[in-house]
Amino acid sequence: MAKNVVVVGTQWGDEGKGKIVDWLTGHAQGVVRFQGGHNAGHTLVVGDKEYKLNLVPSGIVHEGVACFIGNGVVLDIHHLLKEIREIEAGGIEVRDRIKVSPGCPLILAYHAALDVAREAAKSAEDKIGTTGKGIGPTYEDKVARRALRVYDLFHAERFAEKLRANLDYHNFVLTHYLKAPAVDFQPVFDQAMADGAEIRPLVTDVSAELHRINKLGGSLLFEGAQGTLLDIDHGTYPFVTSSNSAAGQAAVGSGIGPGSLHYVLGITKAYCTRVGGGPFPTELDIETAGTPGEQMSSRGREFGTVTKRKRRCGWLDLAALKRSIIINGVTGLCITKLDVLDGIPELKLCTGYTFEGHRIDLLPLGAEEVARCKPVYETLPGWQASTFGAKSWDALPREARAYLHRIEEICEMPLDVVSTGPEREETILRRHPFGV
């Protein structure tokens, strides 16, 4: 019987979802990206090879597994084709296995130009920390019903007509409001037509294909990008991404019914990180040598896969995690990067906040409210032994097991998986998401 699993990040992204998707792919016949764009960064380590993916689903390194880019993804086709070539150069066959929805909105040059110009115009405290890749403006065009989509690429006259109208609109904003250069029609059109011709063999009715796989008894794995606290509706707005990154988007962004999502695995680091602007209640100093925050930053190699920016680091926030569990309907948790905490004498868990003079136990909605939250901590003893590469629960130090148990107790959610390193086998399994 088919069983479909959704993997989502429960923090501000960068939780290590790519490794877990890769690890679970052996039990799926298809892996599906359902939101975001090439602002996502998933790093896989397989033997002595490292793969850095942005758009291609993390299941691509498994032979024979189909990979899908659903309609909820905004697509820079030029970047996708470049990524495919890089993966193929590493000896992995991609084009026979990757399928792209015709409904994906296209990221074009004017979207990136708008993204960069808008961020440059903001004051330092108002900057979102966007990657500047055009993700937000493309989602805006989608909602405004003026987006060009993959299927438009195959009708040159129609594409040109829509492109001219969009450039008239966006160039006015670029030149008159943002004081930035206009984007010319011809280079955008020519590049789109060339990329469209190359990608055409990959375009497939993804919704129908996913239904077919399930009907034949095959299982699917849905791969989220970013994290729940960056969700456009439920995150620390306006310091969020431009898509719904919660588990429910897996249905909408790929074209299957929500009843087909059987298990939601929530990925969380053993601590917290955040890239870019926005409130972060448990944030620590990451610059002072020898401090817990500096250890998280350096040992955790906390630099963005896409942006290369140093990530902000802090103690694990269980009030935020509990909010993510509710939003996603999480079935079980996976803790990653436990080994980064090795050797810290005392560990803190944020169990709630002081907000407007009283205690609250869930992350509130909106950046302004979150910024007013003062964390309430519970202190636990750390451990001195290494947890790196541990493959069984009993191999973990007693204090590490106690730390993980406390997360389960406070969140009232089973901890099904613990990742202790980047390799597939560096994983402790307590309950398998696919039920095997």
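Along the sequence shown, the residues carry numbers beginning at 1.
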Check [Y] with [X], please: is the shortest side-chain N to carboxylate O separation under 4.0 Å?
{"X": "Lys391", "Y": "Glu423", "value": "no"}
{"X": "Glu378", "Y": "Arg406", "value": "yes"}
{"X": "Arg118", "Y": "Glu140", "value": "yes"}
{"X": "Glu426", "Y": "Lys19", "value": "no"}
{"X": "Arg372", "Y": "Glu368", "value": "no"}
{"X": "Arg311", "Y": "Asp14", "value": "yes"}

Problem - Stepwise side chain to side chain donor-acceptor pair (under 3.5 Å) check, Glu209 with Thr204 - result: CA-CA 8 Å; Glu209 275 295 295; Thr204 305; over 6 Å; no
Would you check if [X] and [Y] make a side-chain contact, meaning some heavy-atom pair closer than 4.5 Å?
{"X": "Ile199", "Y": "Val100", "result": "yes"}
{"X": "Leu347", "Y": "Pro292", "result": "no"}
{"X": "Val370", "Y": "Pro364", "result": "yes"}
{"X": "Leu404", "Y": "Leu338", "result": "yes"}
{"X": "Thr387", "Y": "Pro397", "result": "yes"}
{"X": "Phe303", "Y": "Lys310", "result": "yes"}
{"X": "Val203", "Y": "Leu153", "result": "no"}
{"X": "Leu80", "Y": "Val56", "result": "yes"}

[atom1] of [X]: more than 12 outside heavy atoms within 6.0 angstrom?
{"X": "His78", "atom1": "NE2", "value": "no"}
{"X": "Phe388", "atom1": "CZ", "value": "yes"}
{"X": "His211", "atom1": "NE2", "value": "no"}
{"X": "Glu356", "atom1": "CD", "value": "yes"}
{"X": "Glu63", "atom1": "CD", "value": "no"}
{"X": "Glu346", "atom1": "CD", "value": "no"}
{"X": "Arg398", "atom1": "CZ", "value": "no"}

Mutual orientation of the aromatic rings belonging to [X] and [Y] [parallel < 30°, tilted 30-60°, perpendicular > 60°]:
{"X": "Trp315", "Y": "Tyr377", "answer": "perpendicular"}
{"X": "Phe434", "Y": "His432", "answer": "tilted"}
{"X": "His405", "Y": "Trp393", "answer": "perpendicular"}

Exercise for the section: Work out which heavy atom in Gly290 is nearest to a heavy atom in Glu294; give both atom names and the distance. Expected result: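 Between these two residues, the closest heavy atoms are N-OE1, 3.4 Å.
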Practice task
Mark yes or no for whether Ser297, through its side chain, and Glu302, through its backbone, hold a donor-acceptor pair below 3.5 Å.
Solution key: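 Not a single qualifying donor-acceptor pair exists.
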Problem - Asn244 (side chain) donor-acceptor with Asp231 (main chain) under 3.5 angstrom - result: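 Here the side-chain-to-backbone pair does not exist.
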Practice task
Please lay out, stage by stage, how Asp339 and Thr420 fare under the test side chain to side chain donor-acceptor pair (under 3.5 Å).
Solution key: CA-CA 6 Å; Asp339 58 286; Thr420 58; over 6 Å; no
Exercise for the section: Go through the steps to decide whether Arg95 and Glu88 satisfy the test salt bridge (charged side-chain N to carboxylate O under 4.0 Å, His left out), and finish with yes or no. Expected result: CA-CA 9 Å; Arg95 292 172 200 257; Glu88 288 176 334; 3.2 Å; yes
Handout entry: Verdict with reasoning, Asn39 to Gln226, per side chain to side chain donor-acceptor pair (under 3.5 Å)
Key = CA-CA 8 Å; Asn39 56 338; Gln226 290 85 44; 3.2 Å; yes
